[in-house]
2 protein chains.
Amino acid sequence: MDFNNVINILKNKGYKLTNQRKIIIEALYFSNKPISMEEWLQYTKNKNPNINLSTIYRNIDVLEDLGLLSKIRPKDENVKYALNLSEKHSHFLICKGCGKAEEIECCLSKEFQKIIDDKEFDLIEHNLELYGYCKECHNKLKKS
Amino acid sequence: MDFNNVINILKNKGYKLTNQRKIIIEALYFSNKPISMEEWLQYTKNKNPNINLSTIYRNIDVLEDLGLLSKIRPKDENVKYALNLSEKHSHFLICKGCGKAEEIECCLSKEFQKIIDDKEFDLIEHNLELYGYCKECHNKLKKS
DNA sequence: ATAACTGCAAATCTTTTGCAATGAG
DNA sequence: CTCATTGCAAAAGATTTGCAGTTAT
C-alpha cells in the first residue's frame, strides 16, 4: 500500500488532511521500524516545529479508527507505533539490536489450536510479539 | 507450586518476608485471574489498610527479580499482573467475559518457526496473549 | 544491630481534555 | 462558511523516588 492509499483511506472516512496529520503519518510510513512517542515527536517537529504532542495523541485515535495502527508494547520499553498496512492478520518480528520490525503472517500451530478447541474457548483475538536479533545484528554481535 | 514454595524462593534470594509483602503476594496467588493494580491495592488494603501503593510497585520489582511475575497488557485495558508459577514457558488464555486466565503451554507452529529460520532471525523471546470467551462466558452470552 | 523494607509526600512521566484560534473542504 | 483540527496549558493517571521511621533476620 503506498502513501496515497493511506491518505485516501483517511479522506474517505471524512477526515481532513492537515499539514500536521500528513507529517504524523509520514513519520510512521517512512520508518522501517516501530517508533516510540519520543521519536515520533522528534520526526514531526523536524518538519514542523509547532506540532504538538497532543496532536499526535489525537491522531493515534484517528489511525486506530481507520484500523491502520499497530501498537507494540515490549515488556521493558515504552509503547511503539507502526502502520499496519497489510490486510492480513500479522505479527512483528522485532530486532532487539536495531529495532527494525518485520511483519510476518500469523499461523497458530495446530497443536495450539487443538488445546484451545478442547477447552471450548472461543478465541477472538490474539497478540504475538517476537523478539530477537535480525541477521545483521546477529552477525555484528558475533564479531565483537 | 504452593504458597510456601513462593515464600521460600523469596527468602532464598535474601528478601525479607514482611507482613505487607506476604499480603501482596497472596493477592496474586489466590486470585484465579490476572488483576489490575486497582484490584491488587483493594485486596491488600482489605487485609492491612496501611499498605501503600508504592509498596506494591516496589514488590513488583522484587517479583520480577524472582522471575515470578507475568504482566499482561491488553490493548484496551490497564496492565494486569499474575504469578508465573510454571517452570515451562507458557501463555495465557484470557477470557474477555470474566477475566479468568488460564496458562497454556506454548508451541509456535513449525510453519512459523520455518519463516523465522529462513530469515535467519535469532529468536530470543516472544509474548503471546490470547483473548476470547471461556466456555462458561460463551454459554452465558448465547442465552442472553 | 543493621540492612532491608515501608509509608508518605512529592516528583516524574505519559496521556487526556477544555477552550479558543485556525484551516481544510 | 462551517466544522474538524490544532496548540496551549492544565488535568488526570500511572509509576518512581527521597527520606525518615520501622521491622525482619
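Within every chain, numbering begins at 1; the chains are lettered A, B, ... in the order of the sequence lines, protein sequences first and strands thereafter.
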Contact state string [nucleotides 1-12 of chain D, B base, S sugar-phosphate only, - no protein heavy atom under 4.0 Å] = --BSSBBB----
Atom-pair distance (NZ on K13(A); P on dG25(C)), nearest Å | 18 Å
In whole angstroms, how far is the C1' atom of dC13(C) from the CE atom of M37(A)?
-> 13 Å
Under a 4.0 Å N-O cut-off, is there an ion pair linking K22(B) with E26(B)?
-> yes
Between the side chains of Y15(B) and D65(B), is a donor N or O closer than 3.5 angstrom to an acceptor N or O?
-> yes
To the nearest 10 degrees, how far apart in direction are the end axes of the helix from dA1(C)-dT25(D) to dG25(C)-dC1(D), each fit to five base pairs?
-> 40°
Does any N or O in the side chain of T55(A) come within less than 3.5 Å of the main-chain N or O of I51(A), such that one atom is a donor and the other an acceptor?
-> no
Is K11(B) touching bases, backbone alone, or none of the nucleic acid, heavy atoms closer than 4.0 Å?
-> sugar-phosphate
Could you give the CD1-to-P distance, from I7(A) to dG25(C), as a whole number of Å?
-> 10 Å
Between NZ of K22(B) and C1' of dT6(C) the distance, given in whole Å, is 17 Å
What's the spacing between E38(A) CD and K80(A) NZ if we round to 0.5 Å?
-> 10.5 Å
Rounded to whole Å, the NZ-C1' distance (K71(B) to dA14(D)) equals 12 Å
CG (N5(A)) and CG (L68(A)) are apart, to the nearest 0.5 Å, by 10.5 Å
In whole angstrom, what separates Y57(A)'s OH from dT17(C)'s P?
-> 13 Å
Separation of I56(B) atom CD1 from dT17(D) atom C1', in whole Å?
-> 17 Å
Does any N or O in the side chain of T44(A) come within less than 3.5 Å of the main-chain N or O of L41(A), such that one atom is a donor and the other an acceptor?
-> yes
Between NE2 on residue H91(A) and NE2 on residue H126(B), distance to nearest 0.5 Å = 11.5 Å
Using whole Å, report how far CG of D61(B) lies from C1' of dT16(D).
-> 9 Å
Roughly how far apart are I35(A) CD1 and N78(A) CG, rounded to 0.5 Å?
-> 13.0 Å
Can you label the angle between the Y29(A) ring and the F3(A) ring as parallel, tilted or perpendicular, going by 30° and 60°?
-> perpendicular
